[in-house]
Amino acid sequence: MTNRPIHIAPSILGADLGRIEAEAERIKASGAEWVHVDIMDGHFVPNISFGVNMVRTLRRLMGEATLDVHLMIEQPDRYANEFIDAGADCLNIHLEARHQSARTLEAIRQRGCRTGLAINPATLLKHAIPLLPLCDQLLCMTVNPGFGGQPFLAEVLPKIREAREVIVRQNYQVDITVDGGINNETAARCVGSGGNILVSGSFLFAQTDLTQAVSAMRSAATAANVSG
Ligand code: DX5
Ligand code: ZN
């Protein structure tokens, strides 16, 4: 259960990048309030996706949508300013990357950008807890980062539940994002455990009617929130 607003964040990695303008229109019309942008550097993860230019392009194309930028890069502290200048609304940095997470989160916050701390499936919640006061969101990876289209790791669910409990107990204003293998069924399970921002790439973009897909995911998530 969560008392935070539920948002659906289509992940641009799952879109047809050859038709980026058309895909942006499709997302804008779909009712999704957020767009998730995966930046991969080929070092932190074994894959290279896109960089600052993609964020700049999406800023121009996406109007008011919240641009949620997920930095799967080794040195997020070196590049944070560039992504903020390009129009990111939220920067998610990895606890496991080569930097001092607290310092990077503070620097991002100082620029007036939302802060997100991302943790891999194998990373224990206890390492993230001291950083929660510096975060607007905790991004719990539900696959190992690097590729779209991987199966959801259900063993992350207890960590999501524990994170929500800590956040409620401490009265922190922190959203929980889930990212990886999210479809209607896994979205419902994540929201039942306390997640409220649902990132979904391959599942959503595989549907012919994105508007219908976003609304079905929202219904599944809302129903799970009521029933726990
Ligand atoms: C994976 C990325 C995800 C990815 C999700 O490393 O962080 O955001 O786009 O894709 P799906 O929904 O296909 O698992
Ligand atoms: Zn992501």
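The figures that follow rest on heavy atoms only: side chains count, while hydrogens, waters and symmetry mates do not. In listed order, ligands and their atoms are each counted from 1.
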What's the verdict on side-chain hydrogen bond (donor to acceptor under 3.5 Å, both in side chains) for Glu33 and Thr66, showing C-alpha distance, side-chain angles and the deciding distance? CA-CA 6 Å; Glu33 307 88 345; Thr66 298; over 6 Å; no
Ring centroids only, cut at 6.0 angstrom: are His99 and His94 within range, meaning strictly under it? no
Return the residue, atom name and 0.1 Å-rounded distance of the protein heavy atom closest to atom 3 (C) of ligand 1. Asp179 OD1, 2.9 Å
Rounding to 10°, state the angle centred on the Zn ion (ligand 2) that links NE2 in His36 with OD2 in Asp179. 100°
Of all protein heavy atoms, the one nearest atom 12 (O) of ligand 1 is Gly201 N, 2.8 Å
Note, Gln137 side chain near Ile197 side chain (heavy atom, < 4.5 Å): yes
Considering only heavy atoms of His36, which atoms of ligand 1 have at least one such atom less than 4.0 Å away? 8 (O)
Closest to the Zn ion (ligand 2), among the N/O/S atoms of His70, is atom ND1
Regarding atom 13 (O) of ligand 1: of the candidates Ser202, Pro145, Pro10, Ala9, which has the closest heavy atom? Ser202
Tell me, which protein residue and heavy-atom name are nearest atom 6 (O) of ligand 1, and how many Å apart are they? Gly146 N, 2.8 Å
Using a strict threshold of under 4.0 Å (side-chain N to carboxylate O), is an ion pair present between Asp89 and Arg114? no
Of all N, O or S atoms in Asp38, the one closest to the Zn ion (ligand 2) is OD1
Protein contact of atom 4 (C) of ligand 1 - nearest heavy atom, named by residue and atom, plus distance: Asp38 OD2, 3.5 Å
If you measure every N/O of Gly181 against every N/O of ligand 1, is any gap under 3.5 Å? yes
Using heavy atoms and a 4.0 Å limit, tell me yes or no: is Gly14 in contact with ligand 1? no
Answer yes or no: is there an ion pair linking Asp85 with Arg56, defined by an N-O contact shorter than 4.0 Å? no
Show which atoms of ligand 1 fall inside a sub-4.0 Å distance from at least one heavy-atom site of Ser200. 12 (O)
State, with a plain yes or no, whether a side-chain heavy atom of Ile84 is found less than 4.5 Å away from one of Leu91. yes
Are side-chain heavy atoms of Leu58 and Ile20 found at a separation under 4.5 Å? yes
Atoms in ligand 1 with a heavy atom of Gly148 nearer than 4.0 Å: 10 (O), 13 (O)
Distance under 4.0 Å to a non-hydrogen atom of Met72: what atoms of ligand 1 satisfy this? 6 (O), 7 (O)
Out of all atoms in ligand 1, which are within 4.0 Å of some heavy atom of Gly180? Include the element for each. 14 (O)
Do Gln173 and Asp136 come within less than 4.5 Å of each other through their side chains, counting heavy atoms only? no
Looking only at heavy atoms, the pair that brings Ile12 and Phe50 closest together is CG2-CZ, 3.4 Å
Within the 4.0 Å heavy-atom shell around Gly149, which atoms of ligand 1 are there? 11 (P), 13 (O), 14 (O)
Of all heavy-atom pairs linking Asn120 and Lys159, the shortest is O-NZ, 2.9 Å
Below 4.0 angstrom from a heavy atom of Leu13, which ligand 1 atoms are there? Numbered from 1 as shown, please. 9 (O)
State, without any angle test, whether Asp77 and Gln100 hold a side-chain donor-acceptor pair at a distance under 3.5 Å. no
Provide, to 0.1 Å, the distance between atom 1 (C) of ligand 1 and the closest protein heavy atom, together with that atom's residue and name. Phe147 O, 3.5 Å
Please state which part of Ser11 comes within less than 4.0 Å of ligand 1, counting heavy atoms only: side chain, backbone, both or neither. side chain
Do His36 and Asp179 come within less than 4.5 Å of each other through their side chains, counting heavy atoms only? yes
Run the numbers for me: atoms of ligand 1, each under 4.0 Å from some heavy atom of His70, listed by number. 7 (O)
